[in-house]
Each structure stands twice: as structure tokens, then as C-alpha cells.
Amino acid sequence: MPAIPTPLLDVPGLPAGPADIRLIVTDMDGTLLDGDKRIPAGLWPMLAELRGRGVLFSPASGRQYATLARQFAEVAEGMVFIAENGTYVVRDGVELSSDPLARATATGVARAVRRLNAAGGDAGAVVCGKRAAYVERTDEAFLAEVRRYYVEHRVVDDVTAVEDDFIKVAVFDFDSAERSTAPALAPFAGTHQVVVSGEHWVDVMTRTANKGTALRALQRTLGITPAQTMVFGDYLNDLEMMDAAEWSFAMSNAHPDVIARARHLAPSNDENGVLRTISRVLGL
């Protein structure tokens with residue numbers, strides 16, 4: 001049985017003084033954002049302090065690059081965005097890395113979602129390209145969920161006819177993604193990743209794409225070691241990221257598998273856990 005992570009406020013391994021952290025990577029939903037999907041107000045002055053210390057802050061999310069860039073528009077210069085669960089990494093508008101999804105796979109997942117709905121399911125596919133995200137379901141309840149994560153999205157008649165460089169297909173399920181959509185997409189699991197990224201979301205990506213792979217590539221590019229890296233996460237799409245940093249923190253509200261994988265436990269997202277942990281470890 002994996003060891004239970006050590007709680008933040010009583011960690012023998014934490015340094016007496018500030019740790020030598022050069023890169024901080026955090027998931028968004030359920031991690032940095034509170035239960036109302038808000039960025040904590042204290043993040044903005046903290047980012048200025050981190051920048052002054054030469055520490056790079058990087059959001060890592062299933063969210064679209066355009067969405068992340070808008071959320072951090074005032075401080076985006078020089079920031080690295082690990083978007084679409086690691087399939088698309090961008091800094092100052094320049095692609096650093098990507099892990100494209102074959103067109104046949106993207107269209108195959110979209111058709112599988114159509115079959116799921118025909119059998120009584122209630123899901124919608126979001127086919128994610130580098131330029132935009134594409135949906136064919138038009139009801140407001142579904143589009144409201146899409147807008148949360150995909151600022152640049154387009155409603156089309158047929159997502160299988162879209163021309164773009166695809167990187168991921170995300171599926172929103174109004175029921176349980178883990179119990180409904182994930183089993184329906186099981187035929188893709190032999191050759192691709194079918195990742196439950198939230199209570200209602202499932203992502204289909206290439207076998208090699210994940211936040212951890214993207215983070216390791218970024219570390220190599222920047223010359224930053226795992227010992228100089230701090231990560232935060234709460235759900236199954238954050239698992240590989242826990243392995244890429246010595247300072248890995250699961251939120252106390254995290255999925256049990258993430259808690260088991262992380263080295264330490266941070267306060268929950270509703271307790272401002274990310275900022276409190278950064279302050280504690282870096283001595284801010």
C-alpha cells in the first residue's frame with residue numbers, strides 16, 4: 001500500500017528556510033481555483049514576488065490555451081501554459097511542444113459519443129484543435145459547460161468534417177464520466193489514453209500525452225530539475241505530474257489516487273491551499 005503523503009503543516013522534510021524552487025506548476029480546477037472557479041486574489045501579488053525571485057509559475061490544465069491566456073492576460077508575458085492536459089504547451093504565443101491526435105481517432109471518438117447518446121446517454125464531444133475547439137451539440141446547458149474551459153470554440157454541423165491540427169477530444173457527460181462515458185470509450189484505451197479528468201469530463205489523447213510528459217520536456221528546455229520543481233493537483237489527469245517533481249502536493253480534496261501518488265498533502269482548494277503551500281515552502 002502506498003505511503004500516505006505528509007500533511008503540509010507538519011512535514012519533517014520541509015526546509016527550515018526557503019527551498020530552491022525554480023518552477024511551480026499547478027492544476028486549475030479543484031486545485032488553484034476555489035469551489036466557485038475563482039482565482040484567489042492573493043495570487044496576483046504572489047506572482048509578482050515569484051517573478052522577482054526568478055521563479056516561473058505555470059498553469060497546467062485540461063483547459064484550452066486561449067482560455068488560460070485570457071485568465072492570466074495581465075501577467076501572461078513569459079508564463080508557460082501547459083494546456084489541454086499537456087498536449088499543447090505555449091509561451092508568449094510560441095508553441096514549445098505538442099502531441100497531436102490522429103484525425104481518425106478524433107473523429108472516431110466523436111462518433112462513439114453519438115452512439116452513446118443514441119443509446120440513452122447524455123454527453124457531448126469537444127474536438128480540440130490548436131486553433132479552436134469544435135462542438136456540434138447546441139443546447140445551452142452543454143454550451144455553458146464548454147464556455148467554462150474553451151474560450152475559442154465553434155459550433156459546427158459536423159465535428160468530423162473540421163480541418164485543424166487536433167490534440168485532444170474532451171467529452172462532457174451530464175451523468176458520471178467515470179461510470180458512463182469512460183466505459184463507452186474503452187475501445188480506444190488499448191491505443192490511446194482515456195483519462196477521467198473530472199466528475200463530468202473524460203479526455204482522449206495519445207498514449208504519450210499527459211501533464212507529466214509536458215512538464216519533463218519543459219524542465220529539460222529550461223534546465224530545471226525535479227528537485228527545483230513544485231506541483232499541485234487534485235484529479236486523475238494530474239497523476240503523472242506528481243512523478244515529475246520532488247515537491248509534489250495533492251490537495252486535501254484530491255482523488256484518493258492522487259493523494260497516494262503525491263509526496264505531500266496541501267490544504268484544499270477552498271482553503272487557499274496552493275498559495276499557503278507556496279508561502280510556506282518558499283518563505284514568502
Side-chain angles (χ1 to χ4, degrees), residues 1-2 4 27-31 33-37 60-64 84-87 101 105-128 133-150 153 159-160 166-207 209-212 233-242 250-262 268-270:
M1 179 178 295
I4 297 175
D27 173 56
M28 295 288 286
D29 296 276
T31 302
L33 306 184
D34 65 18
D36 293 321
K37 307 292 186 181
S61 176
R63 292 176 179 235
Q64 181 187 50
E84 306 278 19
N85 278 330
T87 61
L101 187 67
T105 302
T107 57
V109 172
R111 293 188 179 103
V113 174
R114 291 173 183 170
R115 291 193 294 271
L116 173 64
N117 289 338
D122 192 6
V126 184
V127 178
C128 306
Y134 306 91
V135 300
E136 58 189 24
R137 184 166 168 167
T138 60
D139 57 293
E140 179 55 30
F142 173 69
L143 292 178
E145 298 297 334
V146 172
R147 284 193 290 267
R148 288 177 183 266
Y149 306 100
Y150 300 94
H153 69 275
V159 293
T160 68
F166 299 126
I167 49 180
K168 186 187 77 175
V169 179
V171 182
F172 180 83
D173 193 323
F174 283 94
D175 298 317
S176 167
E178 196 164 6
R179 294 193 301 269
S180 179
T181 298
L185 299 180
F188 296 93
T191 54
H192 294 76
Q193 293 186 81
V194 179
V195 181
V196 178
S197 57
E199 182 181 358
H200 299 286
W201 287 97
V202 177
D203 293 324
V204 179
M205 305 174 291
T206 68
R207 178 67 75 185
N210 58 66
K211 294 181 184 180
D234 78 303
Y235 222 77
L236 299 177
N237 58 332
D238 298 318
L239 282 173
E240 292 84 1
M241 204 163 62
M242 298 295 121
M251 313 308 289
S252 64
N253 54 286
H255 189 287
D257 290 354
V258 180
I259 292 175
R261 192 85 153 249
S268 76
N269 63 319
D270 279 326

- Message: Quick one: does any side-chain atom of Asn253 pair with a main-chain N or O of Gly30 as donor and acceptor, under 3.5 Å?
- Response: yes

- Say whether, by atom type as modelled, one donor and one acceptor occur between the side chain of Arg114 and the main chain of Val109 under 3.5 angstrom. no

- Any pair counted as ring pair (Phe, Tyr, Trp, His ring centres under 6.0 Å), so long as it reaches residues 170-194, sequence neighbours left out: Phe172-Phe174, Phe172-His200, Phe172-Trp201

- Query: Is there a side-chain contact between Val258 and Leu239 (heavy atoms, below 4.5 Å)?
  - Reply: yes

- Item | Spacing of Gln193 atom CD and Thr87 atom OG1 [to the nearest 0.5 Å] | 10.5 Å

- Message: Assess whether a salt bridge exists between Asp29 and Arg148, defined as any Lys/Arg side-chain N lying under 4.0 Å from an Asp/Glu carboxylate O.
- Response: no

- Message: I need the Asp270 CG to Met251 CE distance, nearest 0.5 Å.
- Response: 9.5 Å

- Message: To the closest 0.5 Å, what do you measure between CG (Asn85) and NZ (Lys211)?
- Response: 5.5 Å

- Note on the structure: Per side chain to side chain contact (heavy atoms under 4.5 Å, CB included), Val126 is matched among Val135, Val171, Val113 by Val135

- Between Val202 and Val194 the two heavy atoms that sit nearest each other are CG1-CG1, 3.6 Å

- Note on the structure: Rounding to 0.5 Å, atoms OG1 (Thr181) and CG (Asp203) come to a distance of 11.0 Å

- On a heavy-atom basis, the closest approach of Leu116 and Ala184 is CD1-CB, 4.0 Å

- When rounded to the nearest 0.5 angstrom, what is the spacing between CE in Met205 and OG1 in Thr105? 13.0 Å

- Query: Sub-3.5 Å donor-acceptor pair from the side chain of Glu136 to the main-chain atoms of Val159, do we have one?
  - Reply: yes

- Does Asp139 use its side chain to pair, donor to acceptor, with the backbone of Phe142 at less than 3.5 Å? yes

- Query: Can you name the closest pair of heavy atoms from Ala106 and Phe166 and give their distance?
  - Reply: CB-CD1, 3.9 Å

- Query: Does the side chain of Cys128 reach to within under 4.5 Å of the side chain of Tyr150, using non-hydrogen atoms?
  - Reply: yes

- Taking atom types as modelled and ignoring hydrogens, do the side chains of Asp175 and Ser180 form a donor-acceptor contact shorter than 3.5 angstrom? no

- Message: Which heavy atom of Ala125 sits nearest to which heavy atom of Ala110, and what is that distance?
- Response: CB-CA, 4.3 Å

- At their closest point, which heavy atom of Pro183 faces which heavy atom of Pro187, and how far apart are they? O-CD, 4.3 Å

- Task: Show your working on side chain to side chain contact (heavy atoms under 4.5 Å, CB included) between Val196 and Tyr235 and close with a plain yes or no.
- Result: CA-CA 8 Å; Val196 178; Tyr235 222 77; 3.9 Å; yes

- Query: Roughly how far apart are Asp34 CG and Asn269 CG, rounded to 0.5 Å?
  - Reply: 7.0 Å

- Task: Look at the side chain of Ser252 and the backbone N and O of Ser268, then say whether any donor-acceptor pair between them is shorter than 3.5 Å.
- Result: yes

- Task: Applying ring pair (Phe, Tyr, Trp, His ring centres under 6.0 Å), name anything that partners Tyr134, two or more places apart in sequence or on another chain.
- Result: none

- Task: Check for a donor-acceptor pair, side chain of Lys168 on one end and backbone N or O of Glu84 on the other, with a separation under 3.5 Å.
- Result: no

- Closest non-hydrogen atom pair, Ala254 against Gly233: CB-O, 4.1 Å

